[in-house]
A.B. asks: 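First the structure, which I've put down as structure tokens, then a few questions once you've had a look.
A, B, ... follow the sequence lines: proteins, then strands. Residue 1 opens every chain.
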Protein chains: 2
Amino acid sequence: MGRWRPDARVRLMEAALALYGERGYDETTVAEIAERAGLTKRTFFRYFADKREVLFWGSELLEQQMVAAIEAAPASASALSMIGAALDAAAARFEEAREFVGLRQRIVASSHELQERELIKTSKLAAAVTAALRARGIDDDAAVLAARMGTTVMHFAFERWVDDPDRTPFQRIARDALARLKEIASAG
Amino acid sequence: MGRWRPDARVRLMEAALALYGERGYDETTVAEIAERAGLTKRTFFRYFADKREVLFWGSELLEQQMVAAIEAAPASASALSMIGAALDAAAARFEEAREFVGLRQRIVASSHELQERELIKTSKLAAAVTAALRARGIDDDAAVLAARMGTTVMHFAFERWVDDPDRTPFQRIARDALARLKEIASAG
């Protein structure tokens, strides 16, 4: 108990999500999460600042990988094709953790505090994408608008993906939504 | 005092905003708003359910007028040109009340409770615009995406308009932003 194990983070996340789902986020304590995972509170705090951060772990990495995809796009890439590359990076992260992400989604939706935190993370992500587009030479207004189109498509695709009984890949849903967005914009 | 006056609503709104700005939203009572306006609490409650609703009065009308603009668009109108018409309707509402809207914006930004209420109103507006587009024969996905492009442009334009020292009309900023959005989408 409590000694370092390679899978401690994953076990803590699984234990936390199971407990949040069973008895509610507010009613669950860190001690209970650690116990369910067969670890100590001390070990919990080695991985997470508090019980909320269990749900937001990975959002930094998601942001970094979306930004890296924009940085790695070809010199000739348009703003929207860089957004497409960032969404592909998001797709890879989501697919790795479909069960976690779906369960997490329902827990976040159950709490005002968590929803607020989620909105802050979304706006931080949009700001990071905007900055990455600017660094690629996209002008200020276009960078802001393209980043917001990106978050629009990401949310749209996420909602369809997370409950899809056919388990259509996120990447395909997001790419289709981006194509629809272009179609709508060019028709008008 | 307290008898019907044609301008009671406006006076109550002005008094409320002045007090919220001076001493903070949380610290202001309905009694103080009524007193500042030279009216009674009873009169206040004839116009507003509570002190929060002073800040959200007009949002129903904004929604109705945006929806009406979509309904009135020509039969051949594209989804995005209907969004353009809805934004023109919003522009007319905002220009009528530039001072109020600017002050209101700062007050809403100062309170979590108010920001949360604002997010709910925004999502209600997006849902109403989506439904209006569907009623005009736009398919489900396109209606959702176009409505979200509309709220993106509305927020983007609003942020630029509300603090613009040159007082550029909202309509022009929104139309320019919509044109930028099309340009971004067609380039990629």
A.B. asks: Would you say that D139(A) contacts R180(B) through its side chain, given a criterion of any heavy-atom pair below 4.5 Å between the two side chains?
C.D. replies: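 Touching, per the 4.5 Å side-chain cut-off.
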A.B. asks: Answer yes or no: does atom NZ of K121(B) have more than 12 heavy-atom neighbours from other residues, nucleotides or ligands under 6.0 Å?
C.D. replies: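 Atom NZ in K121(B) is crowded, with more than 12 foreign heavy atoms closer than 6.0 Å.
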A.B. asks: Can you say whether E116(A) sits under 4.5 Å from chain B via the side chain, the backbone, both, or neither, judging by heavy atoms?
C.D. replies: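 Just its side chain gets close to chain B.
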A.B. asks: Around atom CZ of R172(A), are there more than 12 heavy atoms of other residues, nucleotides or ligands at under 6.0 Å?
C.D. replies: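 No, CZ of R172(A) has 12 or fewer neighbouring heavy atoms, counting only those of other groups under 6.0 Å.
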A.B. asks: Considering only heavy atoms from C-beta outward, does the side chain of L119(A) approach that of Q115(B) to under 4.5 Å?
C.D. replies: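 The answer is no, as the side chains (C-beta and beyond) never meet within the 4.5 Å cut-off.
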A.B. asks: Using heavy-atom distances under 4.5 Å, tell me whether H112(B) contacts chain A through its side chain, its backbone, both, or neither.
C.D. replies: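 The side chain, not the backbone.
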A.B. asks: If you count heavy-atom pairs within less than 4.5 Å of chain A, which of V144(B), D176(B), D141(B) leads?
C.D. replies: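 The candidate making the most pairs under 4.5 Å is D141(B).
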A.B. asks: Which distance, rounded to the nearest 0.5 Å, do you find between the CG of L181(B) and the CE of M149(A)?
C.D. replies: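 CE of M149(A) is found 4.5 Å from CG of L181(B).
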A.B. asks: Could you have a look at E159(B), H155(B), M82(B) and say which one has the most heavy-atom pairs with chain A under 4.5 angstrom?
C.D. replies: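 Most heavy-atom pairs under 4.5 Å with chain A: E159(B).
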A.B. asks: What's the shortest heavy-atom distance between A187(B) and S78(A), and which atoms?
C.D. replies: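 Where A187(B) meets S78(A) most closely, the heavy atoms are O-CB, 3.7 Å.
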A.B. asks: What pair of heavy atoms forms the shortest contact from I184(A) to L145(B), and how long is it?
C.D. replies: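 Minimum heavy-atom contact is CD1-CB, 3.8 Å.
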A.B. asks: Linking I/L/V/M/F/W/Y whenever any side-chain heavy atoms sit under 4.5 Å apart, do V67(A) and W57(A) land together?
C.D. replies: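 Cluster IDs for V67(A) and W57(A) differ.
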A.B. asks: V54(A) and I120(A): same hydrophobic cluster, using ILVMFWY side-chain contacts below 4.5 Å?
C.D. replies: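 No, V54(A) and I120(A) fall in different hydrophobic clusters.
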